[in-house]
> 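Please find one structure pasted underneath; my questions will follow.
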There are 2 protein chains.
Amino acid sequence: MTDIETGPIPERKRGSGVKMVYDLLRDEILDLVLPPGSPIDEVQLAERFKMSRTPIREALVRLAGEGLIDTLPNRSTMVANIDFLNMHTFFDALVLMYRVTTKLAAQYHRPEDLKVIRAHQVEFAAAVQAQDALAMIATNAAFHSAIADAGRNTYFTGLFNRLLDEGRRMLRLYYQSYDDRLPQRFVQEHDDIIAVIANRDVEEADRLARLHAEQIVQQIQKLFAREDRLDMAL
Amino acid sequence: MTDIETGPIPERKRGSGVKMVYDLLRDEILDLVLPPGSPIDEVQLAERFKMSRTPIREALVRLAGEGLIDTLPNRSTMVANIDFLNMHTFFDALVLMYRVTTKLAAQYHRPEDLKVIRAHQVEFAAAVQAQDALAMIATNAAFHSAIADAGRNTYFTGLFNRLLDEGRRMLRLYYQSYDDRLPQRFVQEHDDIIAVIANRDVEEADRLARLHAEQIVQQIQKLFAREDRLDMAL
DNA sequence: CCAAAATTTCTTGTCGACAAATAATATACA
DNA sequence: TGTATATTATTTGTCGACAAGAAATTTTGG
């Protein structure tokens, strides 16, 4: 076994190191390639990306700032756990952000925003059609994130995207038992939401977003309850 | 000339570097000691804190993650500007967070939370009494932050604290023309808010928080409008 | 005298190395 | 044999140095 480096990899531009590491680690964390609690080794990452520890560390500082990893001083750093005990705080925040971002989208969206939103909805519908749970999670998040963008409030979009990321992580945990029939309803609800946004009907946007969000929360809770019962049985 | 180190300074513990730099820079940015647009020089900071650039950079990465500084690649980094154009998005977010955190405090607070909140209110009243505008800003933020803590939702407290920081920065800009008579009203409103929280009256908490937040927003807008007219005249 | 190219200066991004702090292991002693 | 102590190993936090990019300056050519 020879360790010949066959990679056309080493071509890397100057400022791209941290971003590359950050993006990739972020994806791996959200996709549970690195499950919660996984140890994160700086030197290992340095070898893997063929760079020094300095840019690795800066990427880790960023991830820590977003709460995706936990760093104990002078000790190991690891992927942040999912806080199942305070799940309701997550749901509270998620529902509120669904509502407010949809409302603002109804107020402030521009024609080109609707195109983007509709494109994401097409992808979501395709994922549902294909019964691809992972794709559903991703495209649903992208759809609502696009709506939030149309609302043009960076404070809300910032928090909302964090919440969607966290939700993506939680759903990955349980996606095996994802119910593939119910989401058809979500496709219809998405279409309704698009319609009220296009109509600039703020009140109705709030109402639909709230119902939609609560549907999703209920679905997630049902998923967790089912899994909890399984855990109990073990 | 002998280079004997006469400093009692160099006593610094191992992991404390980044936090020290982060805390101090953050304060200086929020207090406008470093006004928006100020260039941030890594080597200068390194000399000032007598440490290498590595921990300085990690502190800067953290600050950038919170949007307090802007970093252009391969170019200088500087204190983030205040976005006066999209001020209304700030107000939207601020009012909503005032409301939701106060509501949650009414729901979930514990007896010891009220003690902390009341202590902050005492300090706020003292600041108003002393007509110390800077202290008013700080103690008002601490008061509402304490209420948010009692609500026990880290997603909301996180965003809310960021908003309060940003508000602190904006008000510093204009505190010279701060009207010292109106805030007496805020003291009363704070007392009312404490009362409804203690009563666990969620609906009324929402109503009072909303009125209070809108009062504050109006005051800030009046401040800015006045200053704008002055700018026009120049 | 002016514009384009070359050079210098300055700052940032990255690196390899070292020392402190902790964890793991081995040793001594009752 | 069990526990306390000493030693080793591993990993983190920090450092000084160097090279790449961009801005500032100088030089060159018209």
Side-chain angles (χ1 to χ4, degrees), chain A residues 3 5 7-26 28-29 34 37-80, chain B residues 3 5 7-26 28-29 34 36-81:
Chain A
D3 273 7
E5 69 273 6
I9 315 139
E11 300 296 336
R12 218 188 321 108
K13 279 159 232 157
R14 190 172 151 81
S16 68
V18 296
K19 184 172 164 43
M20 152 171 278
V21 175
Y22 168 81
D23 286 337
L24 206 107
L25 271 190
R26 183 171 173 280
E28 292 194 348
I29 291 173
L34 295 175
S38 302
I40 296 198
D41 186 4
E42 296 176 2
V43 302
Q44 201 171 311
L45 287 172
E47 291 171 8
R48 178 176 164 196
F49 289 100
K50 300 209 180 352
M51 56 173 74
S52 118
R53 275 174 50 224
T54 311
I56 306 277
R57 282 185 123 255
E58 294 190 2
L60 293 184
V61 170
R62 262 181 84 182
L63 290 169
E66 296 174 26
L68 290 177
I69 63 176
D70 288 332
T71 306
L72 342 200
N74 278 322
R75 211 94 63 79
S76 72
T77 129
M78 53 192 224
V79 177
Chain B
D3 272 7
E5 67 272 6
I9 315 140
E11 300 295 336
R12 219 190 316 108
K13 279 160 233 157
R14 190 170 149 84
S16 68
V18 296
K19 181 169 167 47
M20 151 170 278
V21 175
Y22 167 81
D23 286 337
L24 205 107
L25 272 190
R26 183 171 173 281
E28 292 194 349
I29 291 173
L34 296 174
S38 302
I40 296 199
D41 186 4
E42 295 176 3
V43 302
Q44 201 171 312
L45 288 172
E47 291 172 8
R48 179 175 164 196
F49 289 100
K50 301 209 178 356
M51 56 174 73
S52 121
R53 276 175 51 228
T54 311
I56 305 277
R57 282 185 124 255
E58 293 189 2
L60 294 184
V61 170
R62 263 181 82 180
L63 290 169
E66 297 174 26
L68 290 177
I69 64 176
D70 288 332
T71 306
L72 344 199
N74 276 326
R75 210 91 67 75
S76 71
T77 130
M78 53 193 223
V79 177
N81 281 83

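What you see is a predicted model; the values in this text were computed from it and never measured. In what follows, chains are A, B, ... by sequence order, proteins preceding strands, each numbered from 1.
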> Considering only heavy atoms from C-beta outward, does the side chain of B/I69 approach that of B/I29 to under 4.5 Å?
yes

> Quick one: side chain to side chain donor-acceptor pair (under 3.5 Å) partners of A/N74, sequence neighbours excluded?
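A/N74 satisfies side chain to side chain donor-acceptor pair (under 3.5 Å) with B/R14 only.
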
> Would you call A/R53 and A/L45 a side-chain contact if the rule is heavy atoms closer than 4.5 Å?
no

> Return the nearest nucleotide to the side chain of A/R75; candidates are C/dT12, C/dA23, D/dT12.
C/dA23

> Hey, which sits more toward the 5' end of DNA chain C by its nearest nucleotide, A/N74 or A/E58?
A/E58

> Within the structure provided, determine whether B/L25 and B/L60 are in side-chain contact (heavy-atom separation under 4.5 Å).
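Yes, their side chains come closer than 4.5 Å.
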
> For residues A/R26 and A/E66, determine if any side-chain heavy atom of one lies less than 4.5 Å from a side-chain heavy atom of the other.
yes

> So, does B/S52 get its side chain near the phosphate of D/dT14, meaning an N or O under 4.0 Å from OP1 or OP2?
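False: B/S52 side-chain N/O out of range (4.0 Å or more) of D/dT14 OP1/OP2.
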
> In whole angstrom, what separates A/L45's CG from D/dT11's P?
12 Å

> Give the minimum heavy-atom separation between A/M78 and A/P39, together with the two atoms involved.
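That would be CB-CA, 4.1 Å.
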
> Roughly how many Å is it from CG in A/L72 to P in C/dA21, rounded to a whole number?
17 Å

> If I take atom CD1 in residue A/I56 and atom P in nucleotide D/dT12, what distance separates them, rounded to the nearest angstrom?
12 Å

> In this structure, how many angstroms lie between the P atom of D/dT11 and the CG atom of A/L60, rounded?
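In whole Å, D/dT11 P and A/L60 CG are 15 Å from each other.
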
> Under 3.5 Å between N/O atoms: give me all the protein pairs with nucleotides 6-10 of chain C, atom names plus distance.
none

> Report which part of the nucleic acid B/I40 touches: base, sugar-phosphate, or nothing (heavy-atom distance under 4.0 Å, all strands).
sugar-phosphate

> Does anything in residues 14-25 of chain A come within less than 4.0 Å of DNA chain D? Heavy atoms only, and list the residues if so.
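Heavy-atom contacts with DNA chain D come from A/R14.
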
> Given C/dT12, C/dT22, D/dT12, identify the nucleotide with an atom nearest to the side chain of B/E42.
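Nearest to the side chain of B/E42 among the choices is C/dT12.
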
> Taking atom CG of A/L63 and atom CD of A/E58, what is their separation to the nearest 0.5 Å?
12.0 Å

> Considering only C/dC18, C/dT12, C/dC15, which nucleotide approaches the side chain of A/R53 most closely?
C/dC18

> Using a strict cut-off of less than 4.0 Å between a Lys/Arg side-chain nitrogen and an Asp/Glu carboxylate oxygen, indicate whether A/R48 and A/E28 qualify as a salt bridge.
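So A/R48 pairs with A/E28 through a salt bridge.
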
> If you only use heavy atoms from C-beta on, which nucleotide in C/dT12, C/dC18, C/dT22 is closest to the side chain of B/R57?
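Ranking C/dT12, C/dC18, C/dT22 by closest atom to the B/R57 side chain puts C/dT12 first.
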
> Can you tell me the distance, in whole Å, between the CZ atom of A/F49 and the C1' atom of C/dT14?
16 Å

> Considering only heavy atoms from C-beta outward, does the side chain of A/M51 approach that of A/V21 to under 4.5 Å?
yes

> Out of D/dC15, C/dT12, C/dC15, which nucleotide sits closest to the side chain of B/T54?
D/dC15

